[in-house]
Amino acid sequence: GSKWSYIGPDGEKAWPKKYPFCGGVFQSPIDFHKDILQYDSNLLPLEFIGYNVPSTDQFTLINNGHSVKMYLSPTMYIRNLPFEYTASQLHLHWGNRNKSEGSEHTVSGKHFAAELHIVHYNSEKYPDITAAMDKSDGLAVLAILLEIGPFNPSYEKIFRHFRNVKYKDQMVQVPGFNVRELLPDRLDEYYRYEGSLTTPPCYPSVLWTVFRHPVKISQEQLLALETAMYCTESDDPEPLEMVDNFRNVQEFHERLVFISFRE
Ligand SMILES: NS(=O)(=O)c1c(F)c(F)c(S(=O)(=O)CCO)c(N[C@H]2CCCc3ccccc32)c1F
Ligand SMILES: [Zn+2]
């Protein structure tokens with residue numbers, strides 16, 4: 001299994017020993033601050049096809065010991081990127097109950113409470129995500145920044161299942177729903193840059209789209225995310241809470257982040 005973690009001797013400083021790309025170029029996440037941003041009028045709103053999955057279909061939600069991830073249906077894809085990218089899975093990154101600052105990307109040095117990632121692979125060039133994930137044009141990940149606000153019934157369609165995936169390798173079926181509801185209203189405003197997976201093997205294979213506008217979930221929903229899951233299996237004598245599962249921002253020199261909006 002993947003022997004890496006977010007804390008202790010196998011934490012992110014040690015990743016490059018076993019996973020050399022983690023010490024390499026184009027690493028994610030990064031901080032978005034004004035002197036690396038450049039407006040690009042060619043950045044179009046993304047189009048989401050097949051995102052409205054009927055409740056007769058089911059998504060598999062699984063605790064993989066690093067995050068909680070939900071497999072998506074291969075009928076879901078995005079257009080208006082250099083290629084067509086088919087959805088693979090979504091997962092989250094978050095902090096802990098005493099410090100709700102668990103986003104991976106930051107804006108002017110500020111963390112958001114949490115971050116949702118929807119991972120897609122280039123289905124025009126590669127047969128599946130395994131073939132795509134180490135290619136420079138292989139993956140496209142959408143990132144949604146989460147902050148505290150009113151209760152969010154769309155996120156609840158995933159969150160209400162957390163009690164059934166408390167421990168590593170537990171899984172549950174989630175009835176299909178319109179995954180578009182998890183995204184902010186303004187799909188036309190986003191940050192765009194070429195980066196990497198934020199977990200080992202850290203391949204520099206990701207075209208990142210980070211939406212400008214955060215989505216709100218309630219304090220109670222955030223607390224559930226921060227306290228529901230463990231990295232360890234149900235029978236482990238030393239349970240480890242799944243908290244602070246975000247990578248720190250990486251050096252980003254001589255590169256630009258393109259923005260689809262004029263600030
Ligand atoms: N932040 S991130 O970079 O988007 C990101 C994660 F943070 C993350 F935890 C995962 S993981 O849950 O699979 C556990 C670690 O691989 C992924 N998986 C991707 C890349 C690795 C292999 C793979 C295979 C099938 C589907 C998705 C993926 C990931 F892309
Ligand atoms: Zn992620």
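Order of appearance sets the numbers: ligands from 1, and atoms from 1 within every ligand. Along the sequence shown, residues carry numbers from 1. On a predicted model such as this, the values are computed, not experimentally measured, just so you know.
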Protein contact to atom 23 (C) of ligand 1 [nearest heavy atom, distance to 0.1 Å]: M133 SD, 4.0 Å
Decide, yes or no, whether a salt bridge links R255 with E194 under the criterion of side-chain N to carboxylate O below 4.0 Å. no
Give the C-alpha distance, both sets of side-chain angles, the deciding distance and a yes or no for side-chain hydrogen bond (donor to acceptor under 3.5 Å, both in side chains) between T232 and E238. CA-CA 8 Å; T232 42; E238 293 170 18; over 6 Å; no
Can you find an N or O of S88 that's nearer than 3.5 Å to an N or O of ligand 1? no
Could you check which N/O/S atom of H117 is closest to the Zn ion (ligand 2)? ND1
Among all protein non-hydrogen atoms, which one is nearest to atom 25 (C) of ligand 1, and what is the separation to 0.1 Å? I129 CG2, 3.5 Å
Matching residue for H105 among F112, Y193, F246 - test: ring pair (Phe, Tyr, Trp, His ring centres under 6.0 Å): Y193
Taking only non-hydrogen atoms of H93 and a 4.0 Å limit, the atoms of ligand 1 in range are 1 (N), 7 (F)
Is it true that the side chains of N152 and Q221 contain a donor and an acceptor less than 3.5 Å apart? no
E104: numbered ligand 1 atoms lying under 4.0 Å from its heavy atoms: 1 (N)
Does any N or O atom in N64 lie less than 3.5 angstrom from one in ligand 1, N or O only? yes
Check this for me, if you would: do K135 and D137 make a salt bridge, where the nitrogen-to-carboxylate-oxygen distance has to be below 4.0 angstrom? no
Can you check whether L90 reaches H117 side chain to side chain, under 4.5 Å on heavy atoms? no
Aromatic ring proximity H111/W94, centre distance under 6.0 Å: no
Indicate yes or no: does an N/O atom of H66 lie under 3.5 Å from an N/O atom of ligand 1? no
What do we get for T198 next to ligand 1 when only non-hydrogen atoms under 4.0 Å count, side chain, backbone, both or neither? both
Which N/O/S atom belongs to H93 and is the closest one to the Zn ion (ligand 2)? NE2
What protein heavy atom is closest to atom 29 (C) of ligand 1, reported as residue, atom name and distance in Å? H91 CE1, 3.8 Å
Verify the neighbour count for atom CZ of R180: are there more than 12 heavy atoms of other residues, nucleotides or ligands below 6.0 Å? yes
Near V119 (heavy-atom distance under 4.0 Å), the atoms of ligand 1 are 4 (O), 30 (F)
If you scan protein heavy atoms around atom 16 (O) of ligand 1, the nearest is T199 OG1, 3.8 Å
Assess R247 for proximity to ligand 1: is some non-hydrogen atom of it under 4.0 Å away? no
For the residue pair F261 and Y191, does the interplanar ring angle fall in the parallel (under 30°), tilted (30 to 60°) or perpendicular (over 60°) class? perpendicular
Should the pair Y51 and H120 be assigned to parallel (<30°), tilted (30 to 60°) or perpendicular (>60°) ring geometry? parallel
Check L197 against ligand 1 and report side chain, backbone, both or neither, counting heavy atoms closer than 4.0 Å. both
For ligand 1, which atoms have a heavy atom of H117 less than 4.0 angstrom away? 1 (N), 4 (O)
Just to confirm my output: which protein heavy-atom neighbour is closest to atom 17 (C) of ligand 1, and how far is it? Q89 NE2, 3.9 Å
Between R247 and Y6 the two heavy atoms that sit nearest each other are N-CE2, 3.9 Å
